[in-house]
Trainee: 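One structure, as structure tokens, below. Some questions next.
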Amino acid sequence: MRTETGSRAATLSDVAQRAGVSIATASKAMNDRSDVAATTRTRVLAAAEELSFTPNAMARGLLAGRTGTVGLLTSDLEGRFVIPILMGAEDAFGAGQVNVFLCDARGDAIREQHHLKALLSRRVDGIIVVGRQTDPRPSLGDEVPVPVVYAYAPSDDPGDVSLTPDNVAGGRMAVEHLIACGRSRIAHISGDPSYAAAQDRLTGAREALRDAGLELVGEPLFSAWTEHWGRDAAALALQRHPDIDAVFCGSDQIARGVLDTARELGRRVPEDLAVIGYDNWTVLAENTRPELTSIDAGLQQLGRRAARCLFDAIGGDAPAPGVRHLPVKLVIRGSTIERR
């Protein structure tokens, strides 16, 4: 059946026009975003049904009249954190709907500028910059002629749009879980203290302890993000404070090392010692014994949100500038609660 769009498939632009909203608002409504009024969402969905619009045409409609290409500029393609963010972004762009140019600057500022020039020469409609850690990174600047969204590593310019996990909330969540499990003698072992993630997670942990009228047992132990450090630090902490009943670890790798030392010292996990990690690296967390409770930073969701922000900006509805701290979640396994 022909519609007023003729024989061609309806686009998101057609839906937006029929509903009397912007393309960006139509996109938000179709994606069930919470920042769209219920009446607006109903109007957009009704328009989509009238026009027989299918969601897989969304990206094509949003980018109508543009090149249909975006750039993903990363600083560490080998990094475990970057890959799921890129996967989430590509999912949001839609298979075959948007062409994605992926460039790895390998942490080199000169190489990054070279890739930026190459992307702009291809007339990309927008760029997502993905960092390898949550420390603020230099902005690409105001002279970039297309929208830019920063993911994981926020821009140091408050005028840019940046998305990063809420590590303070994650640290708080980890310790609140340990306290809910009846633990009160909690130690903290983390990685490189120069990392913003390490300090933010510690801040959240201390907030949760303070609210419960508790303090960390001993000073937090910082060094490397490795299993080796986790083993050494756990041995040191348990030697100094034998009554420790829980350890909050700044990463899953550190937590795995803590589990090794606990086993060697005859500490049962979780009966004698509860252990919680961070990052929810499932390949590691699900293969420890017991399986590791961890905080999941939601990296694929972060990538999807970054892509949607870029879509909004390309569609003329630029998101508010600043850093948005996205929610993280607790994944409970056997290292904190005994499985029956």
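Since this is a predicted model, take the numbers as computed values, not measurements.
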Trainee: Which residues satisfy the salt bridge (Lys or Arg N to Asp or Glu O under 4.0 Å) test with Glu215, sequence neighbours excluded?
Mentor: none

Trainee: For the atom pair CG (Leu86) and OH (Tyr152), what is the distance rounded to the nearest 0.5 Å?
Mentor: 12.5 Å

Trainee: Considering only Ile, Leu, Val, Met, Phe, Trp and Tyr, and joining two whenever side-chain heavy atoms are under 4.5 Å apart, list the other residues clustered with Ile110.
Mentor: none

Trainee: Which atom pair, heavy atoms only, marks the closest approach of Ala234 to Ile189?
Mentor: N-CD1, 3.7 Å

Trainee: Using distance alone, with no hydrogens and no angle criterion, decide if His177 and Thr293 have a side-chain donor and acceptor under 3.5 Å apart.
Mentor: no

Trainee: Does a salt bridge link Arg267 with Asp272, judged by any charged N lying under 4.0 Å from a carboxylate O?
Mentor: no

Trainee: When you check the side-chain N and O atoms of Gln253 and Arg256, is any donor under 3.5 Å from an acceptor?
Mentor: no

Trainee: Only distances under 3.5 Å count here; give the side-chain donor-acceptor pairs of residues 136-150 to other protein atoms, sequence neighbours excluded, each with its distance to 0.1 Å.
Mentor:
unit_1	atom_1	unit_2	atom_2	d
Arg137	NH1	Glu112	OE2	2.7
Arg137	NH2	Glu112	OE1	2.9
Arg137	NH2	Glu112	OE2	3.4
Ser139	OG	Gly141	N	2.9
Ser139	OG	Tyr150	OH	3.4
Ser139	OG	Asp160	OD2	2.6
Tyr150	OH	Leu140	N	2.8

Trainee: Is any side-chain heavy atom of Leu51 closer than 4.5 Å to a side-chain heavy atom of Arg18?
Mentor: yes

Trainee: Going by salt bridge (Lys or Arg N to Asp or Glu O under 4.0 Å), name the pairs with one or both residues in residues 276-298, residues two or more places apart or in two chains.
Mentor: Arg80-Asp279, Arg201-Asp279, Glu286-Arg333

Trainee: State which residues pass salt bridge (Lys or Arg N to Asp or Glu O under 4.0 Å) with Arg43; sequence neighbours excluded, sorted by chain then number.
Mentor: none

Trainee: Give a yes or no on whether the backbone of Gln199 and the side-chain of Thr203 come within a donor-acceptor separation of less than 3.5 Å.
Mentor: yes

Trainee: For Thr42 and Ala38, indicate whether the former's side chain and the latter's backbone hold a donor-acceptor pair under 3.5 Å.
Mentor: yes

Trainee: Say you draw a straight line from CD1 of Ile85 to CD of Glu90; how long is it, rounded to the nearest 0.5 Å?
Mentor: 12.5 Å

Trainee: Looking just at side-chain N and O atoms, do Asp125 and Thr67 make a donor-acceptor pair shorter than 3.5 Å?
Mentor: yes

Trainee: Not counting sequence neighbours, which residues clear ring pair (Phe, Tyr, Trp, His ring centres under 6.0 Å) with Tyr278? List them please.
Mentor: none

Trainee: Please examine the side chains of Val168 and Glu207, heavy atoms only from C-beta on, and report whether any two atoms are closer than 4.5 Å.
Mentor: yes

Trainee: Excluding sequence neighbours, so at least two apart, what forms salt bridge (Lys or Arg N to Asp or Glu O under 4.0 Å) with Asp252?
Mentor: none

Trainee: Do you know the tightest heavy-atom contact between Gly71 and Leu119?
Mentor: CA-CD2, 3.9 Å

Trainee: Please enumerate all residues that pass side chain to side chain donor-acceptor pair (under 3.5 Å) together with Asp211, with sequence neighbours excluded.
Mentor: Arg172

Trainee: What pairs with Glu264 under salt bridge (Lys or Arg N to Asp or Glu O under 4.0 Å), at least two apart in sequence or on another chain?
Mentor: none

Trainee: Residues in side-chain contact (heavy atoms from CB on, under 4.5 Å) with Pro270, at least two apart?
Mentor: Arg183, Glu338

Trainee: So, does Asp317 use its side chain to make a donor-acceptor pair with the main chain of Ala313 at under 3.5 Å?
Mentor: no

Trainee: Show me the pairs that pass salt bridge (Lys or Arg N to Asp or Glu O under 4.0 Å) and involve residues 237-250, at least two apart or across chains.
Mentor: Arg185-Asp243

Trainee: Check whether any side-chain N or O of His115 sits under 3.5 Å from a backbone N or O of Cys103 as a donor-acceptor pair, and report yes or no.
Mentor: no

Trainee: Can you confirm whether Pro165 sits close enough to Leu299 that some side-chain heavy atom of one is under 4.5 Å from a side-chain heavy atom of the other?
Mentor: yes

Trainee: Report the distance from atom CZ of Arg111 to atom CG of Leu73, rounding to the nearest 0.5 Å.
Mentor: 11.5 Å

Trainee: Does Thr282 offer a backbone N or O that forms a donor-acceptor pair with the side chain of Asn280 under 3.5 Å?
Mentor: no

Trainee: How close do Met173 and Leu330 get, heavy atom to heavy atom, and via which atoms?
Mentor: SD-N, 3.4 Å

Trainee: With no hydrogens and no angle check, is any side-chain donor or acceptor of Ser162 less than 3.5 Å from a backbone partner on Ser155?
Mentor: yes

Trainee: Would the distance check show the side chain of Asp166 and the main-chain N or O of Ala169 forming a donor-acceptor pair, the cut-off being under 3.5 Å?
Mentor: yes

Trainee: Identify each donor-acceptor pair in which a side-chain atom of residues 218-229 lies under 3.5 Å from a protein atom, sequence neighbours left out, and give them as a table.
Mentor:
unit_1	atom_1	unit_2	atom_2	d
Thr226	OG1	Trp229	N	3.1
His228	ND1	Asp232	OD2	3.2
Trp229	NE1	Ser190	O	2.8

Trainee: Using modelled atom types only, decide if a donor and an acceptor are shared between the side chain of Thr261 and the backbone of Arg231 within a distance under 3.5 Å.
Mentor: yes

Trainee: Between Ser335 (side chain only) and Pro290 (backbone N and O only), is there a donor and an acceptor less than 3.5 Å apart?
Mentor: no

